[in-house]
Amino acid sequence: MTNTPGALLGPAEIRELAGRLGVRPTKTLGQNFVHDGGTVRKIVRAARLRPGERVVEIGPGLGSLTLGLLEAGCSVVAVEIDPVLAGQIADTVRAHAPEADFEVVTADALEVRELPGEAPTALVANLPYNVAVPVLLTFLERFDSLERVLVMVQAEVADRLAAPPGSRTYGVPSAKAAWYAAAHRSFDVSRHVFWPVPNVDSALVALERRDPPSTTATREEVFAVVDAAFAQRRKTLRAALSGLCGSGPAAEEALRAAGVDPGLRGERLGIADFARIAEHVPLRAGTVDT
Ligand code: SAM
């Protein structure tokens, strides 16, 4: 582990800041702070940011990654739910990078519908693990200016987000992420670069925005099919979609009309297949969360 001198936060400063603020990291908010400058710089390099690029960071915490993003010359808007951390971060940024272009929004990222300033083109974050997937999907949905994403998540979640159809870890997060972007798993991160040390492994996942499949169905309709298809993983699509379609025969008809074998399971299908099925669901029922 490198303790990089300079503008970034090391273990001593993380402890000192947390102590001064009376921060006792909570699991509920997924508060594990990175104290290794080498890891931060590796993440920033992997994010392939342009100098001056507007980046949104979710959960800046004590500012470890934020300072790395600012060091790379980015303009950063950060969304932090914890008012104590949100209240401190501007001072931390001022102390380390006085010229930096930075602002913080104190809010639950899941509730944020607009951001101040220029629209961000990149999302880079060490996400709070318990809400990582909803936060990621919500941001891709609400901020169509986002072209690229690089997020640190639980390693298992990184696997799921990047899984192709047919693989063991392919499921709802993989299919929904594929609506917005092409995802690939990036590098693993040691749990020892965090304070406190989490009891799960972490990894980065990179997403590159692309057009959703061309379809007459809405995103909500397609996601309703995805949710139903995976609600009971072991069932065939005919059985799994019978509720959504009104009956088994109606599900079979919709699947055949979409050119999909009703005897398959959802894990074999790509997002374009789910979109085609959604076009044939009677009444196109169902609204879902992201
Ligand atoms: N970026 C910092 C780092 O790398 O050291 C902290 C990352 S820590 C894993 C997650 C951060 O997300 C914490 O600061 C936590 O308070 C914040 N957080 C948790 N839930 C959130 C939410 N719903 N919206 C915004 N921030 C949240």
Side-chain angles (χ1 to χ4, degrees), residues 1 4 7-18 21-44 46-47 55-72 74 76-90 92-93 96 102-115 120 122-139 142-143 149-155 157-158 189-205 289-290:
M1 197 188 315
T4 317
L8 306 184
L9 301 179
E13 198 163 8
I14 291 279
R15 294 295 186 116
E16 189 276 320
L17 262 174
L21 296 170
V23 169
R24 305 185 63 192
T26 74
K27 274 198 175 173
T28 334
L29 292 180
Q31 292 176 331
N32 300 92
F33 305 112
V34 175
H35 57 63
D36 177 47
T39 301
V40 167
R41 290 197 172 109
K42 193 171 171 191
I43 295 171
V44 173
V55 179
V56 60
E57 181 190 2
I58 295 154
L62 292 165
S64 311
L65 180 57
T66 320
L67 293 178
L69 294 167
L70 294 170
E71 186 184 70
C74 295
V76 175
V77 56
V79 181
E80 173 58 60
I81 198 171
D82 184 327
V84 173
L85 296 174
Q88 168 63 35
I89 190 153
T92 303
V93 167
H96 285 259
F102 172 76
E103 52 203 310
V104 62
V105 174
T106 309
D108 179 345
L110 289 169
E111 303 299 326
V112 169
R113 285 170 192 284
E114 50 189 41
L115 290 165
L123 162 60
V124 184
N126 172 11
L127 287 177
Y129 289 0
N130 41 353
V131 287
V133 171
V135 164
L136 173 67
L137 296 176
T138 299
F139 266 65
R142 291 190 186 152
F143 299 100
V149 172
L150 182 69
V151 283
M152 176 141 65
V153 294
Q154 201 176 323
V157 174
V189 174
S190 158
R191 56 180 78 182
H192 298 289
V193 304
F194 298 94
W195 175 77
V197 177
N199 51 15
V200 292
D201 291 319
S202 300
L204 283 123
V205 58
D289 298 331
T290 44

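Every number for a ligand or one of its atoms is a count from 1 in the order of the listing.
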Is there side-chain contact between Gln88 and Leu17, with heavy atoms separated by less than 4.5 Å?
yes
Thinking salt bridges, do Arg142 and Glu114 make one under a 4.0 Å N-O criterion?
no
Salt bridge (charged side-chain N to carboxylate O under 4.0 Å, His left out) with Asp108: which residues, sequence neighbours excluded?
none
Without placing hydrogens or testing angles, list every side-chain donor-acceptor pair under 3.5 Å for residues 128-136, not counting sequence neighbours.
{"from": "Tyr129", "atom 1": "OH", "to": "Ser202", "atom 2": "OG", "distance (Å)": "2.6"}
{"from": "Asn130", "atom 1": "ND2", "to": "Thr28", "atom 2": "O", "distance (Å)": "2.4"}

Does any non-hydrogen side-chain atom of Glu57 lie less than 4.5 Å from one of Val124?
no
Residues in contact with ligand 1, criterion: heavy atom under 4.0 Å:
Leu29, Gly30, Gln31, Asn32, Phe33, Val34, Glu57, Gly59, Pro60, Gly61, Ser64, Val79, Glu80, Ile81, Asp82, Leu85, Ala107, Asp108, Ala109, Asn126, Leu127, Pro128
Return the set of residues passing ring-ring contact (aromatic ring centres under 6.0 Å, His included) with Phe139 (not counting sequence neighbours), or none when no residue passes.
Phe143
